[in-house]
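Both ligands and their constituent atoms are indexed starting at 1 by order of listing. Heavy atoms only: backbone and side chains are in, while hydrogens, waters and symmetry mates are out.
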Amino acid sequence: MGVYEAVRLTEKVYWVGAIDWSIRDFHGYSTGRGSTYNAYLIMAEKPTLVDTVKKPFLDEMMSRIASVTDPENIEIVVSNHSEMDHTGALPETLRTIKPNKVYASTMGGKALKAHFHWKDDPVDTVSSGDELDLGDMTLKFIETRMLHWPDSMVSYLEEEKVLFSQDGFGMHLAGTRRFDDEIDKGVLEFEARKYYANILMPFSPLVKGLLANLKKMDLEIDLLCPDHGPVWRSRIDWILELWGKWAQQTPCRRASVIYDTMWGSTGAMARAVTQGLVDAGLTVRMMPLRQTHISDIAAELLISSAIVVGSPTINGRIFPSVAECMNYIGGLKPANMVGGAFGSYGWSGEAVKELNGLLEGMKVELADEGFRTMYVPDEDALAASRDLGRSVGKLAMDKCREND
Ligand code: FEO
């Protein structure tokens, strides 16, 4: 039934997912290292499949399952999350293996029915605390609503101390190594942070709640199995701590300068702003929008306390690339930020005022009214841009000291 093999994770649990080496755009999120869609097979007395894969990868998943058992032996399918990267292959999987039961959360049942227009709804729904008897093993369900969809839940296999965490603690990272300790830690930190920033950041208050709940439940976790990227076995505490830190977004000595430029004037101002932030003691990343993907900007914002945005004025508005970026990062709701705006203009110069409004809409504390200059910045304009950087930097440093 194919050339692919399952990877044995524990005595009874196998990875039977798929590797997407070529994906570079995941609904607008740049995935430079590809991704995986993880599905898991529990070889309990009642063989159970936890999640499936994106539709084009059905054969790869079936081949990996077949390397362990005839897929028709699977009695139970659990869908922890309804998004199509985990359920695209679900209808065909159900037609092929004909399980006795399919389980999802209440919201998951509704989502699957709506997605697939099922007339004979095959899903039984479960709630937090429900337990499923797999014969010789038990699967326990914990709903995680809005992490990151209303349907999301995680499943815990008590006997082997395995938590199937759907998108939670995942990352987009293709590879032939399945475990965290087989992969460079810096790559893991970057890809996990980029994933958190782009998928989970708006739900950070709920992430805090989930982490507190897991602590309160005192679950012993030997293996943390997300639906993307590596399985955590050696660095479970580390990824939980990182998620805790990212959910807090506590003030730090790091700034993001985001800008676009038409003829180089706003770009020159951006360099002067950056110098001002450095003067104040911050580490700065300049991100020109034509060279930086918005999903990488999100990853940087997650570890920044200051955001300074520059835009030329075009037709009485901010530049289109800046508008797109502000729309995207505004939706991600970065917290505890200070900031400012700047830009060059030719006639009317509305961009800085518009940017200030957008930043205030994101609850960014502005250091001052920002700075704009007509045409090419002269020495005085560059000095004023540097002063803007210093003002924002000072405010960021003061916030850090309050939290030291
Ligand atoms: Fe990996 Fe929310 O889907």
Side-chain angles (χ1 to χ4, degrees), residues 15-40 49-58 60-61 64 77-91 93 102-116 123 141-155 163-175 178 180 188 191-204 206-207 210 224-232 239 243 246-247 295 298-299 302 328 331-333:
W15 177 84
V16 291
I19 305 170
D20 191 345
W21 295 97
S22 59
I23 190 168
R24 291 294 180 270
D25 182 330
F26 189 94
H27 59 47
Y29 166 157
S30 71
T31 46
R33 290 186 168 103
S35 192
T36 67
Y37 313 111
N38 299 338
Y40 299 96
L49 180 65
V50 178
D51 291 327
T52 67
V53 295
K54 202 170 167 181
K55 193 172 181 181
F57 295 88
L58 171 74
E60 184 174 336
M61 180 188 74
R64 293 192 198 276
V77 173
V78 172
S79 173
N80 277 327
H81 177 30
S82 307
E83 197 163 4
M84 304 305 277
D85 46 335
H86 311 296
T87 59
L90 182 63
T93 301
V102 182
Y103 293 98
S105 67
T106 307
M107 297 301 283
K110 286 182 186 167
L112 291 171
K113 195 173 177 184
H115 266 291
F116 298 119
V123 177
F141 301 107
I142 306 159
E143 288 175 90
T144 56
R145 286 191 186 193
M146 293 318 299
L147 288 175
H148 69 118
W149 272 25
D151 57 80
S152 301
M153 68 175 184
V154 301
S155 311
L163 184 68
F164 301 101
S165 59
Q166 43 97 16
D167 280 340
F169 314 108
M171 68 185 74
H172 289 306
L173 177 61
R178 296 274 66 80
D180 64 283
L188 293 178
E191 295 298 348
R193 171 159 53 85
K194 185 169 176 178
Y195 192 87
Y196 185 98
N198 286 279
I199 307 291
L200 279 309
M201 185 156 39
F203 311 111
S204 288
L206 296 173
V207 171
L210 170 67
L224 182 55
C225 296
D227 275 356
H228 299 287
V231 168
W232 301 95
I239 189 65
W243 268 52
W246 294 333
S295 55
L302 187 62
Y328 183 68
L332 296 177
K333 300 185 173 69

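A donor-acceptor pair shorter than 3.5 Å can be found between the side chains of His81 and Asp167.
Nearest to atom 2 (Fe) of ligand 1, among the N, O or S atoms that Asp167 has, is OD2. Between atom 2 (Fe) of ligand 1 and the N, O or S atoms of His148, the shortest distance is to NE2.
In this structure, Tyr37 and Met61 have side chains that are not in contact, with every pair of non-hydrogen atoms separated by 4.5 Å or more. Looking at heavy atoms from C-beta onward, Leu188 lies in side-chain contact with Met171 at the 4.5 angstrom threshold. With contacts defined as side-chain heavy-atom distances shorter than 4.5 Å, the pair Trp246/Met201 does not qualify.
Checking Val77, Asn38, Asn80, Asp85 one by one against Asp51, the side chain to side chain contact (heavy atoms under 4.5 Å, CB included) holds for a single residue, Asn80.
Atom 2 (Fe) of ligand 1 has no N, O or S atom of Asp227 inside 2.8 Å of it. Residue side and main chain included, Glu83 places no N/O/S atom under 2.8 Å of atom 1 (Fe) of ligand 1. Residue contact annotation: His81 places an N/O/S atom under 2.8 Å from atom 2 (Fe) of ligand 1.
Geometry at atom 1 (Fe) of ligand 1: NE2/His228 and OD2/Asp85 form an angle of 80°, nearest 10 degrees.
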